[in-house]
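Presented below is the structure to which this report refers.
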Amino acid sequence: MLEMKVFREDSKAVFENLKRRKMPDDIAKGVIQMDQEWRELIDEGNKLRSQRNRISREIGELKKKGKDGSDLLGEMAKIKKGLMGNESKTKETLASREEARMRVPNLLDSEVPQGQSEHDNRELSLHGKKKKTKTSRPHQEVMELVGGVDLKRAANVTGRRFYFLTGDLARLEMALINYAIDVLCERGYSLTIPPFMMNKEAYEGVVDLNDFEEVMYKIEDHDLYLIATSEHPLTSRFKNEIIEIKGEPLRYAGISTNFRREVGAHGMSDRGIWRVHQFAKVEQVIICKPEDSKKFHDELVANAIHIFKGLEIPFRVVDICTGDIGTVAARKFDLEAWMPSSQQWKEVVSASNCRSYQSVRLNMRYRTPEGTDFPHTLNATAIATTRALAAILENNQQADGSVVIPKVLRKWMGDQNLIKAK
RNA sequence: GCAGAGGUCGCUUAGCCUGGUAUAGCGCCGGCCUUGAAAGCCGGUGGGAAUUUCCCUCGGGGGUUCAAAUCCCUCCCUCUGCGCCA
């Protein structure tokens, strides 16, 4: 969420931002109004408390001298009554203000392209060549040909959008994970295996509130949610803490299984393993000083580009527009892999600069010479296994159904260069 | 899961029994001193609202009281022991 000082000192920026996002401004107006009320209530309460403390001290003094202070008790009762009403009103007002504040989206970077939907995202660069393949079977067909997936039985034991990944494809997934981890560790990222569940309070710090209904699975009878990405625990980790950022920022490579409800999602993307309820992902997370976040956003994208270039998959980088960027990010770049079967670019990496939007909600600060300030948080995919697998299967398939294993992955595949068709 | 001991300002720590402005050290920042630095000395070092004053803050929430770090209830977490377990 946004810092209160933005609403107080620069509300124009909030409203202009809502206009760019084509969103109504009533919630933000409510925040400002409730904040005003809250401040008046605080003032009133402080005055009452001041009186209470003064009288209480007087009674203490009198008692010390062996006297009785009971004639002050009547006045005290009046103050306490006023204070009780004031305190409950103050609490309610603050709670309402905070609830509204959480719903106000992040301020967009001025360079975010204006647009309605994903069709208006701006292409920034192209990488690799689209291979001239004689076949363009969709990835789910290729998986069947190499005997690497069992969707039917997964549907029996769990439901749709789950899968058994088997044999060489399972091995390929592990290779992708190891490859991404190697790249990031070489580049100074600290590998971190987080908890795969988080409680609501921690979760509220890092996601849009709607995600509780549409994205995360709730654990029955516990205040716990399955994580949708390791970014969430990695960023929440320093909630309510003052961290030290000396020269270098905090760089993490998170690895986890991710769980997503995918409520409302449907269409062609449902086939195979493109959109599933469970997948593994290596994630990049950076926590840095505000003045450095632009630079490190570029670093995250550069890492992802390096990883996908290594896999020799054709892809492009796009700058996500105002209509497609979501609540939390101030700027977002995606990598989209070329999918021959549908002749489309499809998202395989998403890199967001959240600025202080998450750290404010988490109350995570870092030490500055003047005191403390909110750091910026950034996250980006390194490898989301199911999507990278699908891209490899489509781009590297051969006429006979076999699949060429990208060179960089072969050392984890017993030096095989091919996944043979059954 | 059971029992005991704990959780105090960035870190360490006193205060809790016996209620009355949260103690000291370390670290950090500033000043004096110095050619420079260290040491030494002095001051500062959580948050909020107002503007030079006030309020809040002792793991979270609630209660008792004129007054709660201190007493009571409850929840969370840590440590130790026991139990269970890949």
Side-chain angles (χ1 to χ4, degrees), chain A residues 1-11 31-102 193-205 218-219 221-225 233 236-247 249-250 256-257 287 289 356 359-375:
Chain A
M1 64 186 177
L2 301 174
E3 287 182 63
M4 262 334 287
K5 74 175 181 197
V6 178
F7 290 97
R8 288 173 188 165
E9 295 164 18
D10 195 14
S11 61
V31 172
I32 291 167
Q33 196 206 324
M34 284 184 278
D35 182 51
Q36 190 58 43
E37 284 168 27
W38 175 75
R39 286 201 275 183
E40 281 160 20
L41 287 165
I42 282 281
D43 196 48
E44 186 188 293
N46 281 349
K47 279 182 185 143
L48 288 167
R49 253 174 242 114
S50 178
Q51 288 177 45
R52 182 197 62 186
N53 293 346
R54 182 178 49 78
I55 294 172
S56 180
R57 275 195 295 267
E58 277 174 35
I59 292 173
E61 290 296 315
L62 288 172
K63 284 226 164 153
K64 229 185 238 175
K65 289 174 192 156
K67 291 179 193 162
D68 178 29
S70 56
D71 43 337
L72 291 166
L73 296 186
E75 197 184 339
M76 192 60 124
K78 245 194 288 176
I79 292 166
K80 285 183 79 175
K81 203 176 158 200
L83 199 52
M84 244 162 70
N86 171 274
E87 276 177 350
S88 64
K89 250 194 279 178
T90 307
K91 220 169 158 181
E92 276 167 37
T93 308
L94 183 66
S96 309
R97 188 197 79 181
E98 291 299 272
E99 204 194 313
R101 180 150 77 117
M102 277 201 270
I193 303 172
F196 289 9
M197 298 179 202
M198 279 169 67
N199 63 39
K200 181 151 195 171
E201 195 192 302
Y203 231 132
E204 280 177 342
K218 171 94 169 68
I219 305 290
D221 296 331
H222 294 270
D223 174 29
L224 289 172
Y225 296 81
S236 307
R237 184 170 169 200
F238 304 106
K239 185 177 155 59
N240 290 325
E241 280 194 52
I242 299 170
I243 56 175
E244 297 289 339
I245 304 175
K246 295 275 162 63
L250 307 181
S256 77
T257 306
I287 302 172
K289 295 176 187 170
S356 62
S359 59
V360 168
R361 182 70 189 91
L362 289 166
N363 190 31
M364 163 172 67
R365 288 156 298 159
Y366 76 102
R367 209 162 279 293
T368 65
E370 297 77 36
T372 61
D373 194 9
F374 295 104

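Here is how names work: the chains are called A, B, and so on, in the same order as the sequence lines, proteins then strands, and each is numbered from 1. Since this is a predicted model, take the numbers as computed values, not measurements.
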[N] OP1/OP2 closer than 4.0 Å to side-chain N/O of [X]:
X	N	answer
A/N53	B/C55	yes
A/K91	B/G62	yes
A/K63	B/A67	no

Taking atom [atom1] in both [N] and [M], what distance in whole Å separates the two?
N	M	atom1	answer
B/U18	B/G31	C1'	43 Å
B/U74	B/A5	P	15 Å
B/U13	B/U51	C1'	35 Å
B/A68	B/C17	P	14 Å
B/C77	B/C66	P	35 Å
B/G1	B/U8	P	24 Å
B/G63	B/U57	P	14 Å
B/U70	B/G19	P	12 Å

task: Give the C-alpha distance, both sets of side-chain angles, the deciding distance and a yes or no for salt bridge (Lys or Arg N to Asp or Glu O under 4.0 Å) between A/D43 and A/K47.
output: CA-CA 6 Å; A/D43 196 48; A/K47 279 182 185 143; 3.2 Å; yes
Side-chain donor or acceptor of [X] paired with backbone N/O of [Y] under 3.5 Å:
X	Y	answer
A/K81	A/G85	no
A/N86	A/L41	yes
A/D223	A/K200	yes

Rounded to whole Å, how long is the line connecting atom [atom1] of [X] with atom [atom2] of [N]?
X	N	atom1	atom2	answer
A/R49	B/G48	CZ	P	16 Å
A/W38	B/C55	CH2	C1'	11 Å
A/L41	B/G48	CG	C1'	14 Å
A/E61	B/C66	CD	C1'	14 Å
A/L62	B/A67	CG	P	16 Å
A/E87	B/G62	CD	P	9 Å
A/E44	B/C54	CD	P	19 Å
A/L73	B/C66	CG	P	6 Å

Electrostatic pair [X]-[Y], nearest N-O below 4.0 angstrom:
X	Y	value
A/E58	A/R54	yes
A/E87	A/R49	yes
A/E98	A/R101	yes

If you only use heavy atoms from C-beta on, which nucleotide in [options] is closest to the side chain of [X]?
X	options	answer
A/S50	B/C66, B/C55, B/A49	B/C55
A/R52	B/C66, B/G48, B/C56	B/C56
A/I59	B/C55, B/A49, B/C66	B/C66

field: Sugar-phosphate, base or nothing in reach of A/L72, heavy atoms under 4.0 Å
entry: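 Counting heavy atoms under 4.0 Å across all strands, no contact is made by A/L72.
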task: Tell me which of A/R54 and A/R39 sits closer to the 5' end of RNA chain B, going by the nucleotide each one is nearest to.
output: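 Its nucleotide being nearer the 5' end, the pick is A/R39.
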- request: Please tell me which of A/R365 and A/I55 maps to the more 5' nucleotide of RNA chain B, matching each residue to the nucleotide holding its nearest heavy atom.
  value: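 Going by which nucleotide is closer to the 5' end, it is A/R365.
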With both distances under 3.5 Å as the test, what is the Watson-Crick or G-U wobble partner of [N]?
N	value
B/A14	none
B/U80	B/A3
B/U45	B/G27
B/A50	none
B/A86	none
B/U21	none
B/C58	none

